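Have a look at the structure below, then the notes.
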Amino acid sequence: MSAPALDRPTTRPSRPNHKIQRFATVLLFGVALGWSITGLDITLSRLASAPSDAWGVFSLMFPPDFATEFERGVLGKVFESVYIAWIGTTIAAVLSLPLAFLAATNVAPMWIRVPTRQLFNAIRAVPELIVAVVLLGVTGLGPWAGALAIGLHSVGTLGKLSTEAIESIDAGPLEAVEACGGRWASGMRWGVLPQVLPTITSYWLFRFEINVRASAVLGMIGAGGVGAELVALLNFRDFDGVGAVLIVTVVVVVIIDTVSAGVRRRIIAGTTPDRRGAATIDDLLGTSLNR
Amino acid sequence: MIEFNDVSVTYRGGVQALRNVDLAVGDGEFVVVVGLSGAGKSTLLRCLNGLVPATGGSIRVDGVEVVGASSAVLRQVRSNIGMIFQTFNLVHRTSVENNVLMGRLAQVPAWRSTLGRWPAGDREIAMQALERVGIVDKAFVRASDLSGGQQQRVGIARALAQEPTVMLADEPVAALDPITSRQVMGDLRRINQDLGITTIVNLHFLDLAREYGKRLIGLRDGEIVFDGDIADVDDDTFTEIYGRDIKTSDLLTVDGMDETMK
Amino acid sequence: MTTAGVTGEVKRPVRPRRRARFFFVASAVAGFTVFAADQVGFTFSTFWEIWTNPLWEKFWPVPWDWVLDEGNVLGPLVETFQIAIVATIIGCGLALPISFAMSRLTTPNRVVYYASKAVMNVVRAVPDLFWAKLLVTAIGIGAFAGSWALSVFSLAVMVKLFSETIDAADDRPLEAARAAGGRHAPAVTTGVLPTVFPAYVAYALYVFELNIRASLVLGLVGAGGVGRVVETQRQFFRFDRILGMLLIIFAVVVAIEQISVAIRKRLV
């Protein structure tokens, strides 16, 4: 098979060499992994027995003891986690919405924008659990500490996302309000808010989904909800009960996820025509890939 | 040898894309298929290699039945049929060579191609395919860095790397400008002549069909309304295929411009 | 003064009323909020009383000697890194094939698609620290259980992100690979993987960041890392030490984020 005569180039280029790059990458990963494993006091016997140990515990959870758990009010505890998440999200929504207007490049002046953004970043850096650890000392044990911790922490993520939503608006309506001689507040209310509210509402709902999981975890350190029940059962090695608690939690979480995702889809479908593939990190965790 | 026997294709929504098509294409022929969009041109090509399953009739490629074939048989048939797409269908983020090597998928053990450990012989075939379309100098360039015409030539090289007996081209120049369109059509005709690969090309533009085709097939509403030598084609034939008179939008180049280009 | 029918004049439309459903939904949401607030013991006064709480004095001054002493914070911080690295490599490694199975575009068949989706949904529905606590109970306290838990967590996050990226990828090269007679696995790796691989690396870096943050709290349930220090110090109400730790961790997290963001920008 010989090449025909052409007015186009026929000399083969030399194959680029990636060997060094590849070797360096493999080496980097190998060293990182090797170094990390040494720190995790992993012995061969431990490594070998871990899967069977884990499987042993998981198999002890079946059949789950639903009867005893429902008697102990597991459903109420799961619902308490949901209430905590709901109130926490509401607090965060109420606090973050006005702050977001103060942080957006296109509507806020520099002197207020920069500190507000830094506030969001600082809040986001502290996990709910740490916030709760501190708040427990202030409010005492109970769901209110959990709701407050979730509320404060979520201000960071919701504020950042809402800011980004505001920054991506169409400037036209805002300009129109200004052209009629409207104040800054009227511009926000009539020029910006109608454009961003659907997106921001869907962020709130998404954050609620995440917060349901977070509030379940907060219970583990005494901030109300189902987490405390799980810890108690695990400490007493009551694995039938653990199985029941886990299943009830998973069912409730999946139901909330499904309903909330459906509502979000409807809210967004009413505004932007195509958001296929938009389920990115923002959607999953309420944070953004590119800050 | 390609034989269509009473082939029908009905899509799930109930749209009938092909109705009782009978067609025979001999080895080494260069066939151009024309028709309005929606006439079934693309379906005709795609049911030939099983990308669209025919819902009735029989399609034989070199004696092998395609309709209702098992996936193993279908892969075997496909490996002998190169396909060129309107939108090139290249992987933009990888090198031209890797794109062309995709033509070797049916010949290379799955584990090797999955891990990207292509045998040297297959790499050689890919290089030769690139030489044949004249862009071997771009072998290690990312596909996204090429122009449209170059990308389509990579598409042709990928089909050539299969060392096929049949080449299907689905509107190969619809996304290209007039000059590169002619280059690509020229490549296809040259490959047909040099290597004797049976070639079926879907075209929208009538003048290109006249210029490059030998045999012309006209499709209208899923039925073959014309099948004959391109020399016998006149404006009335096109009127029958298109159901209306020829408009300038059916031509790649308007007459006056055509002269200056030559 | 109805003037309908006169040329050029049009009857004014009736102002549309909000539909009953709107009021129903609005009052249901409001009602639920009030009920939930009552259930969690919502107290407005907390918002101002919190600032005057004597507890805040316990945060200051930060005992830097203690914080910077090698064994106290930095040792566990290194352990945190090790947990995060192992978990990221294991979780993201496993996520690669599972994500392809979970994407509509590249799944080998329906059974695999629905099965993997269902399993991963359940895994994701269990909160991360529940996994940690379960594994600590099952295989013992320490970083070993922590890295297991974070591996599961990384896997869950990664498959969700990456399978959706695959869903949205260009499917035309895949058609070309199939037309060339390729089997399923090579068709996917040659036709789709190159397109989505940069996103995969970007997500892996992102998951690493998440893991660093998450391993901060793993210690609260006995799964190793710096969280362990938070847990012991909070029992003694040494919030000054916790604050010092948080500041160090904050600096480290920010530094990692900067590096990771810089790498991701080059990738995408």
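Lettering of chains follows the sequences in order, A, B, ..., and the numbering in each one begins at 1. All values below were derived from every heavy atom in this structure, side-chain atoms included, with hydrogens, water molecules and symmetry-related copies excluded. Computed from a prediction, not measured in an experiment: that's the story for all the values here.
For a residue to count as touching a neighbouring chain, one of its non-hydrogen atoms must lie under 4.5 Å from one of that chain's; by this rule C:Leu220 touches chain A with the side chain only. Residue A:Ile84 touches chain C through both its backbone and its side chain, counting heavy-atom pairs closer than 4.5 Å. Contact annotation for A:Leu148: only side-chain heavy atoms (C-beta onward) come within less than 4.5 Å of a heavy atom of chain C. With a threshold of 4.5 angstrom between heavy atoms, C:Leu205 does not approach chain A through any atom at all. Contact annotation for C:Phe239: only side-chain heavy atoms (C-beta onward) come within less than 4.5 Å of a heavy atom of chain A. Contact annotation for C:Phe42: both backbone and side-chain heavy atoms come within less than 4.5 Å of a heavy atom of chain A. Neither the backbone nor the side chain of C:Val253 comes within contact range of chain A; no heavy atom of the residue lies under 4.5 Å from a heavy atom of that chain. Residue C:Leu134 touches chain A through both its backbone and its side chain, counting heavy-atom pairs closer than 4.5 Å. Heavy atoms of C:Val221 lying under 4.5 Å from chain A belong exclusively to its side chain. Using a 4.5 Å cut-off between heavy atoms, A:Phe79 does not touch chain C at all.
In summary, the side chains of C:Tyr203 and C:Thr165 do present a donor paired with an acceptor at a separation below 3.5 Å, with no hydrogens or angles considered. A donor-acceptor pair shorter than 3.5 Å can be found between the side chains of A:Trp86 and C:Thr33.
Remark: the backbone N or O of A:Gly225 is not paired with any side-chain donor or acceptor of A:Tyr83 at under 3.5 angstrom. Of the possible polar contacts, none joining the A:Asp238 side chain to the A:Leu233 backbone as a donor-acceptor pair under 3.5 Å is found.
For the side chain to side chain contact (heavy atoms under 4.5 Å, CB included) with C:Leu218, the lone residue among C:Val136, C:Thr80, C:Leu129 that qualifies is C:Leu129. Partner of A:Ile123 under the side chain to side chain contact (heavy atoms under 4.5 Å, CB included) criterion, chosen from A:Val126, A:Leu119, A:Asn121: A:Leu119. Tested against A:Thr249 for a side chain to side chain contact (heavy atoms under 4.5 Å, CB included), the candidates A:Val252, A:Val245, A:Ile247 yield a single pass: A:Val245.
In terms of heavy-atom pairs under 4.5 angstrom with chain C, the leader among A:Leu246, A:Thr139, A:Val251, A:Thr90 is A:Leu246. Ranked by non-hydrogen atom pairs under 4.5 Å with chain A, the options C:Phe81, C:Phe250, C:Phe237, C:Trp148 are led by C:Trp148. When each of A:Leu60, A:Thr38, A:Ile91 is scored by its heavy-atom pairs under 4.5 Å with chain C, the top score falls to A:Ile91. Options A:Ile256, A:Val253, A:Val254, A:Leu234 differ in how many heavy-atom pairs under 4.5 Å they form with chain C, and the most are formed by A:Leu234. Interface check for chain C: of the options A:Asp257, A:Val250, A:Val57, A:Leu136, the most heavy-atom pairs under 4.5 Å are formed by A:Val250.
In this structure, the separation between CG on A:Asp53 and OG1 on C:Thr137 is 12.0 Å, given to the nearest 0.5 Å. Considering CG of A:Leu33 and CG of A:Leu28, their distance stands at 11.0 Å, rounded to 0.5 Å.
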| said: What verdict does the salt bridge (Lys or Arg N to Asp or Glu O under 4.0 Å) test give for C:Glu209 and C:Arg213, after you've listed the backbone C-alpha separation in whole Å, the side-chain angles of each residue and the deciding distance to 0.1 Å? | reply: CA-CA 6 Å; C:Glu209 279 174 41; C:Arg213 283 167 192 262; 5.4 Å; no

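Within residues 211-218 of chain A, the residues that have a heavy atom under 4.5 Å from a heavy atom of chain C are A:Arg213, A:Ala216, A:Val217, listed by number.
Remark: C:Ile141 CD1 is loosely packed, at most 12 non-hydrogen atoms of other residues, nucleotides or ligands lying under 6.0 Å away.
When every heavy atom of A:Val155 is checked against every heavy atom of A:Ser96, the shortest pair comes out as O-CB, 4.0 Å. Residues C:Val123 and C:Ala156 approach most closely at CG1-CB, 4.0 Å, considering heavy atoms.
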